[in-house]
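The figures that follow rest on heavy atoms only: side chains count, while hydrogens, waters and symmetry mates do not. Just so we're clear, the structure is a prediction, and the values are computed from it rather than from any experiment. The sequence lines fix the lettering, A, B, ..., with proteins before strands; numbering per chain opens at 1.
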Amino acid sequence: LSARGLAVALAGPAMVSIATLAGIDVALRSAAASESERDADQAARTLAQRLADELEVLNSEVRILADEPRVRALLEATSIDQETLLDVAEETRRTAKLDVLGLAAADGSIWALAGSRSDERPPMIAKALAGKPASGYSVDANVLVQSAATPVQFGKHVIGAVFAGRRLDDARIVQLGTHVGGPVAFYVGDKLVAAHFERDASPAELALLGHVPNRGEVHLNGSYCLVRQVTLEPADVRAVVLTPRERDPRGRRRLQFEVLGIAGLGLIAAAMTAATRRTRAFPASVARGQS
Amino acid sequence: MRRPFLSFLVLTIARSAFGAGTGDIEGDVRVVAGSVASRITGPQEVIVYLEDAPNVGSMPHGPFEMTQISKDFTPSVLIVPQGATVNFPNHDPIQHNVFSVTPGNTFDLGLHKSGDTASTRLDSPGVVSVYCNIHPQMVGYILVVANPFFARVRADATFQIRGVPAGTYKAVAWFPFGQASRTEVKVEAGAKADLHFLLHERSDAGRHNRKDGSLYLQYGPGAAP
């Protein structure tokens, strides 16, 4: 059997194997990409739902606090001083397991913000004093705070406002990341205010992440990630969730090697069959005629 | 000149009415803790007094003061004679609103700021529970006594009331953490009457509502029942 003959005999099976392998690879890549996109969208939906649920719980808590007789009596009293208000705010904050609790009298002249690390008055308090409940996110000493404020009323008369806040600190960001299945970061405008992968990523990468549109892809910490954004209240606060572009590239590669192995074995089998056909012995009758 | 004479006359009449002889009351108190998280620090928190003994002898003298400091009443238990005026100076940097809803001694001293002293007169004998309308953790008690026959229990859980006019009286052992124990005691002239009390701590003792009956907080671990 000549080498050319063997090559011709093997060309067909080899081409079929290569085509199969390429087809499988394309199909696997396509399936992985769709799956990653679905995962990323699901992670964003889960994050949005979780944050909405947490804010709803905070809204309920602040409504209950606004109905507390002690809080109402204090805000109604005309001769209450700021130290007493702050003291009650601090006690109530600890009891209600909140990070920040604010009380403000109707005219805004006396107010207390227990647990806050800054002197800035959250804008939601002004909204609540105007008679409208408000919730969303505020920043307290560079830390993002889930916030809710509600008016304290006697009938339709607003006698003050209660503000409640829970910080999105490192521990809670990690919890959120675990819940949604990917790293989470929060931006106010272009400024990163919370992320649990902050130490692993370079400042340039983090800055880039802040400019990624609602759906995008970034190279972060040595790997490609899909990015999804969730816009919060107020609108300049955004939550970003990352998911790996491919969840299981090793699995895909293993499958490719397995297919490659099977194809290789098939080619060897085809080559051996072709070689056997070309070198088999003359039939006995032909041998006798020759003798 | 007339006052000393009148006092002498009253004392003489009292002695003849209740008999010239007096006796002593001695005894002990056992306090049973309500739980492992008991608030009882010792038997010294128990006061034994006679409810219906005559008002003869020396009564405690004022001024009587229950201070508000570190969001607490100090002393937490004060003994005053019937009709005494009690002062409530506020030594905290914040405001307080001292009040009581104990029948017969109801009062509301309103908001008073740091450095101010509010006062009230207590006319009905018995235990008066004193609270702050702003701070649920502030609980104080004033025992208003109608006679001088009372004693604080010693650290060794014993007590002694001396010079009690002979007669039969209702003896009460009271402490801030549970139900008072009442019993009858017969005092004979020149004799010693024995009394033994058993008190049980209650975990809900001291819990209370605001002056209007509402809860301080409706939820959370600090909420009153």
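- Rounding to the nearest 0.5 Å places CG of Leu215(B) at 11.5 Å from CZ of Arg70(A).
- Residue contact with chain B, scored on non-hydrogen atoms closer than 4.5 Å, involves the backbone and the side chain of Ile80(A) alike.
- In the displayed structure, Asp119(A) atom CG is contacted under 6.0 Å by at most 12 heavy atoms of other residues, nucleotides or ligands.
- Crowding of Glu120(A) atom CD: a count of heavy atoms from other residues, nucleotides or ligands under 6.0 Å not exceeding 12.
- Proximity to chain A (any heavy atom under 4.5 Å) is restricted, for Leu111(B), to the side chain, taken from C-beta onward.
- His96(B) does not touch chain A: none of its heavy atoms, backbone or side chain, sits under 4.5 Å away.
- Atom NZ of Lys113(B) sits in a sparse spot, with 12 or fewer heavy atoms from other residues, nucleotides or ligands closer than 6.0 Å.
- With Gln95(B) as reference, Thr84(A) is the one residue of Thr84(A), Leu74(A), Val88(A) to meet the side chain to side chain contact (heavy atoms under 4.5 Å, CB included) rule.
- Taken from CG in Asp92(B) to CD in Glu83(A), the straight-line distance is 12.0 Å, to the nearest 0.5 Å.
- Using a 4.0 Å cut-off between a side-chain N of Lys or Arg and a carboxylate O of Asp or Glu, Lys71(B) and Glu91(A) qualify as a salt bridge.
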